[in-house]
Colleague: 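Pasting a structure below so you can have a look.
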There are 2 protein chains.
Amino acid sequence: MADGPAPRRRTRRTDPGRRDRIIDACLDVVVANGVSGTSHRRVAEAADVPLGSMTYHFTGMDELLREAFTRYARTVSDRFERRMSEAADVGEARRAVVAMITSDVVTSRRDLVLTHELYTLAAREPAFRDITNAWMARSRHALERHFDPTTARLVDALIEGLTIHRALDTPQDPPGGGAGYDTALVVDAVERVTADPG
Amino acid sequence: MADGPAPRRRTRRTDPGRRDRIIDACLDVVVANGVSGTSHRRVAEAADVPLGSMTYHFTGMDELLREAFTRYARTVSDRFERRMSEAADVGEARRAVVAMITSDVVTSRRDLVLTHELYTLAAREPAFRDITNAWMARSRHALERHFDPTTARLVDALIEGLTIHRALDTPQDPPGGGAGYDTALVVDAVERVTADPG
DNA sequence: CCCGGCTGCGTACGACCGTACGCAGCCGGG
DNA sequence: CCCGGCTGCGTACGGTCGTACGCAGCCGGG
């Protein structure tokens, strides 16, 4: 604020990863202001790049958002796949699922906000639906390491639903720990869904 | 378009329900353009009221959105409660749940968009979380007519998750019918979740 | 009838937006 | 060295936004 007439930032001719910084900054801005409050100017400021870079590197907000959310979805997918591949058997897979639903590590407020913003975009535009479809496909595939396809699908849906409920139940973002979410309930839920009725 | 210089709409002094019309129009605009594309001007045009009415009846977009989504949540809650109270026993309740997940009647594209927009707002602002909390409480209460509290909660989560997956799976809004969603899967899911393991 | 006050609206203003356009500054070939 | 071209950016423009402000038009008391 009030930083003189024109700081005249040194021209940085070669700044590889500038595009990447913009994409990351875009996600930050979305978390802070929502998609509706995300503008070229705000992202540029957050990424510390000149406004002109926005239209140079991206054809518009749509492309930027698409790339940003693609990256986000990949990040979350990777995390999920790693967890599932680390599980040695079905029991561990179940526990991993429970841990992911109840843990703040995976379901931080940031993730909740980004996920819902993405779903909202996907609900309206097919281009974003491609992103969520790929994400869901990877999730299901990861779950199929330990569960049959139908169960995998149901577990996936259960994670979705419980995560949302947990997010909306929690009045504030608690600094640490269990967020008051009932672990026993989640264990029960996972048991029911993964129990083969046949 | 091109309707003369100034139609000079007759001054309507007493127009009860103008506020209501604005709220309804707001939901329409949100469906069409998203919360990010919802402005006083667009809502005013959709509701056929002068721009000035916006700030007269509402302190700002936030209040308008809050009222609009409160109304929306109540509408959906009512629908759900009615369905549940119409079910005579557990079996009918189960079938009703399956029907709601698979049917387009309840889960139209409009509902999907509005629900996700609401969740997105709720993920960020506590004021909107109050709306979703009330909604969820009513849903659970309705389910508790037929299921024990834990099961009710799980069924609620399952509806949420399956609805989302269904929404994102569906590439387009199909004109009629089942949307290609696997009814057998949903039946299976509901059976698993409502099966008492004890 | 007359008129003060209040309800409701038309409008104009300043802020912020996306983006087209033109010009720096570097880089390779001659 | 010289210079054409291309990469990347600063800026200015047209448009949309929310909202403050002032003025119509009606309504009740005298």
Colleague: Using a 3.5 Å limit for the pairing distances, which stems of at least 3 consecutive Watson-Crick or G-U wobble pairs does DNA chain C take part in?
Modeller: C:1-30 with D:1-30
Colleague: Who are the salt bridge (charged side-chain N to carboxylate O under 4.0 Å, His left out) partners of B:Glu160, not counting sequence neighbours?
Modeller: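 Once residues adjacent in sequence are excluded, B:Glu160 has no partner under the salt bridge (charged side-chain N to carboxylate O under 4.0 Å, His left out) criterion.
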Colleague: Take atom NE2 of B:His57 and atom C1' of D:dG18, then tell me their distance rounded to the nearest Å.
Modeller: 17 Å
Colleague: Determine the interplanar angle of the A:Phe69 and A:Phe128 rings, folded into 0 to 90°, and report it as parallel if under 30°, tilted if 30 to 60°, perpendicular if over 60°.
Modeller: perpendicular
Colleague: Atom CD1 in B:Ile101, atom CZ in B:Arg166: separation rounded to 0.5 Å?
Modeller: 9.5 Å
Colleague: Between the side chains of A:Thr115 and A:Tyr72, does any donor sit under 3.5 Å from an acceptor?
Modeller: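 A:Tyr72 and A:Thr115 do have a side-chain donor-acceptor pair below 3.5 Å.
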Colleague: Please enumerate all protein N or O atoms sitting under 3.5 Å from an N or O of nucleotides 16-19 of chain C, with distances to 0.1 Å.
Modeller:
from, atom 1, to, atom 2, distance (Å)
C:dC17, OP1, A:Ser39, OG, 3.2
C:dG18, OP1, A:His40, N, 3.1
C:dG18, OP2, A:His40, N, 3.0
C:dG18, N7, A:Arg41, NH1, 2.6
C:dG18, O6, A:Arg41, NH2, 3.2

Colleague: Just distance, no hydrogens or angles: give the donor-acceptor pairs under 3.5 Å from side chains in residues 87-97 of chain A, sequence neighbours left out.
Modeller:
from, atom 1, to, atom 2, distance (Å)
A:Asp89, OD1, A:Gly91, N, 3.3
A:Asp89, OD1, A:Glu92, N, 2.9
A:Glu92, OE1, A:Ala88, N, 3.0
A:Arg94, NE, A:Thr194, OG1, 2.7
A:Arg94, NH2, A:Thr194, OG1, 3.4

Colleague: B:Phe58 CZ to C:dG8 P: how many Å, rounded?
Modeller: 13 Å
Colleague: Please list, chain by chain and in numerical order, all residues satisfying salt bridge (charged side-chain N to carboxylate O under 4.0 Å, His left out) with B:Asp62, sequence neighbours excluded.
Modeller: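 B:Asp62: salt bridge (charged side-chain N to carboxylate O under 4.0 Å, His left out) contacts with B:Arg66.
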Colleague: By salt bridge (charged side-chain N to carboxylate O under 4.0 Å, His left out), which residues pair with A:Arg138, not counting sequence neighbours?
Modeller: A:Asp78, A:Glu81
Colleague: Tell me the closest heavy-atom pair linking B:Val43 and B:Leu64, and the distance in Å.
Modeller: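 Distance-wise, the nearest heavy atoms are CG1-CD2, 4.2 Å.
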